[in-house]
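I have placed the structure first, in the form of structure tokens, so that the comments after it can refer back to it.
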Amino acid sequence: MDHFNAKSLQENLLEWFEANARPLPWRNRPSLYGTWVSEIMLQQTTVAAVIPYWEKFMHQFPNVHALAGASEAEVLASWSGLGYYRRARNLHKAARMVQEDMGGKLPTSRRQWQTLPGVGAYASGAIASIALGEAVPAVDANARRVLSRWFFDDPIMAGNLRPAQLEKMGGQLVVPQQPGKWNEAVMELGATVCRAAAASCEKCPVLDQCKAGLAGVALQIPPSKKSEPAMVIALATLVVRRGDQVLLLPPDHKEALPLAGSWALGRKDTSGLHQGLWNLPASPWYAGNNSTGSALEDGEFILTWLEKRLHLSKTEIACSRLRMASFTHSITKYHLEIRTWEVLLSNDWSWDNSDQPMCGQFMSLPHLLPVSKLVTKSLEMFNQGNV
DNA sequence: AACGCGTGGGT
DNA sequence: TACCCAAGCGT
């Protein structure tokens, strides 16, 4: 790396960052705790999505003591809609570890931070450099892309770089006097100028030291990896209402309905999905390229649920004013085609579940519970004439 | 090491 | 529109 001037690169980028840093809330009101929360939320998640969640979370749990004192359900409820819920569970678990094992004091070194669940190589470097001034790298996807472009104009070479090599390269460039500013500046450049699919090299403050940029091949570096097309899945959810209440299944609920044999085929194991969240009754997942056949399966699912679980009589089912709405929702590599069915029970309907353990509860305020977007969207379908 | 885990916005 | 991918981590 003697073909370029590291000092000039550092000065130019830091100067650019001074003038162009976005006024993000965790920058405007910096704290060790707030930095931690922001770094966890920002994992695989856009700044725009995080901002309102960070504001609400910091208001609700202003310090690690408050976070440790809250229940996991409260934390997950605050996180609802942001995705990757394991982050929230780990954040809460880590807060309790801080409270119980560290005397309520947040770690003061990268090494200590990395012992907490959910804080890995990147987050520990980011927290330690930004909030503690420790001269360590924080190499995320932005930094990996920026570093790759600075040093390589060959897509093959760049594609062969291991994360550890990039971390090492990043470590060489960290400005010891202001490591946090430097790491933030590299990421900010990647997020706003040196973007993956739309690099704006003409706006780059360090183009004169960038191999890929000077060669005009920035967009080819790093090479994008081909991904499998999303699998199309058919699925039904059930919105059972009694007055202003909705039937929800608790987080640990495991469906055990006596389903027809064909339902077991193509079923996805969803045990790791939406852990800790309340759910609507939902059919198993069926792989398929069209949803034309799902109405029949929906019917079997709904009847089974209403008869076996809720013990509704045929007369009650007939009077339940069934409505259906459909929508789509993507979860990682799955494209869900969802048909959601609303069942209206009378206000005085009472659940005869004396002969079996309770499998769900009628809740008035789902927004205070941890729920996924799958649930939120299903409920919203019946609020605005989408039926 | 490859995979699972959510969701929304940009192109 | 149908992708791509975004301040990763744990297993």
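Chain A is the first sequence line, chain B the second, and so forth, proteins listed ahead of strands; every chain is numbered from 1. These figures come from a predicted structure and were not determined experimentally.
- Around the CZ atom of R27(A), the shell of radius 6.0 Å holds more than 12 heavy atoms that belong to other residues, nucleotides or ligands.
- Whole-Å rounding puts the E228(A) CD to dC4(C) P distance at 11 Å.
- Residue contacts shown for W26(A) include a base, since a base heavy atom lies under 4.0 Å away.
- Nucleotide dT7(B) holds its P atom 12 Å from the CG atom of L76(A), rounded to whole Å.
- For the pair R321(A) and E342(A), the salt-bridge criterion is not met [side-chain N within less than 4.0 Å of a carboxylate O].
- One interatomic measurement links the two molecules: CG of N90(A) to C1' of dG8(C), which rounds to 11 Å at whole-angstrom precision.
- At dT7(B), none of the side-chain N or O atoms of H335(A) fall inside 4.0 Å of OP1 or OP2 (strictly under the cut-off).
- Here the separation of dA7(C) from dC3(B), taken at their P atoms, is 23 Å to the nearest Å.
- Within residues 133-146 of chain A, no residue places a heavy atom under 4.0 Å from DNA chain B.
- Base engagement by L24(A) is indicated by at least one non-hydrogen atom pair under 4.0 Å involving a base atom.
- At the heavy-atom level, V119(A) lies under 4.0 Å from the strands shown only through sugar-phosphate atoms.
- Within 6.0 Å of CZ on R22(A) lie more than 12 heavy atoms contributed by other residues, nucleotides or ligands.
- The side chain of E39(A) has dA7(C) as its nearest neighbour among dG6(B), dA7(C), dG4(B).
- To the nearest angstrom, P of dA6(C) lies 14 Å from CG of L189(A).
- Of the possible polar contacts, one joining the R96(A) side chain to the A68(A) backbone as a donor-acceptor pair under 3.5 Å is found.
- The CD atom of Q43(A) sits 5 Å away from the C1' atom of dG8(C) (whole-angstrom rounding).
- Spacing between atom CD of Q275(A) and atom P of dC5(B) amounts to 9 Å, rounded to whole angstrom units.
- Here dC4(C) is the nucleotide among dC4(C), dT7(B), dG10(C) with the atom lying nearest to any side-chain atom of S227(A).
- Sparse packing is recorded around NE2 of H65(A), with 12 or fewer heavy atoms of other residues, nucleotides or ligands lying under 6.0 Å away.
- Aromatic rings from F17(A) and W182(A) are positioned such that their centres are separated by 6.0 Å or more.
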Polar atom pairs between nucleotides 8-11 of chain B and protein, under 3.5 Å, N or O only, would you list them?
{"from": "dG8(B)", "atom 1": "OP1", "to": "K373(A)", "atom 2": "NZ", "distance (Å)": "3.0"}

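- No hydrogens or angles were tested; on distance alone, a donor-acceptor pair under 3.5 Å links the side chain of R86(A) to the base of dC9(C).
- Between the side chain of Q112(A) and the main chain of T108(A), a donor-acceptor pair closer than 3.5 Å is present.
- P229(A) comes within contact range of no nucleotide atom at all, as no heavy-atom separation falls under 4.0 Å.
- Within the 6.0 Å centre-distance limit, the rings of F61(A) and F57(A) are counted as a close aromatic pair.
- Between the NZ atom in K56(A) and the CD1 atom in I51(A) there is a gap of 15.0 Å [rounded to 0.5 Å].
- Rounded to whole Å, atom P of dC3(B) lies 16 Å from atom CD of Q44(A).
- Straight-line distance from the OH atom of Y84(A) to the C1' atom of dG10(C): 13 Å, rounded to whole Å.
- Applying the under-4.5 Å side-chain rule to Ile, Leu, Val, Met, Phe, Trp and Tyr, the cluster around M187(A) extends to Y122(A).
- Taking the P atoms as reference points, dG6(B) lies 22 Å from dC3(C), given to the whole Å.
- Take the nearest nucleotide of DNA chain C for I40(A) and for A196(A): the residue whose nucleotide is more 5' is A196(A).
- Contact check, Y85(A) against dT7(B): a side-chain N or O comes under 4.0 Å of OP1 or OP2.
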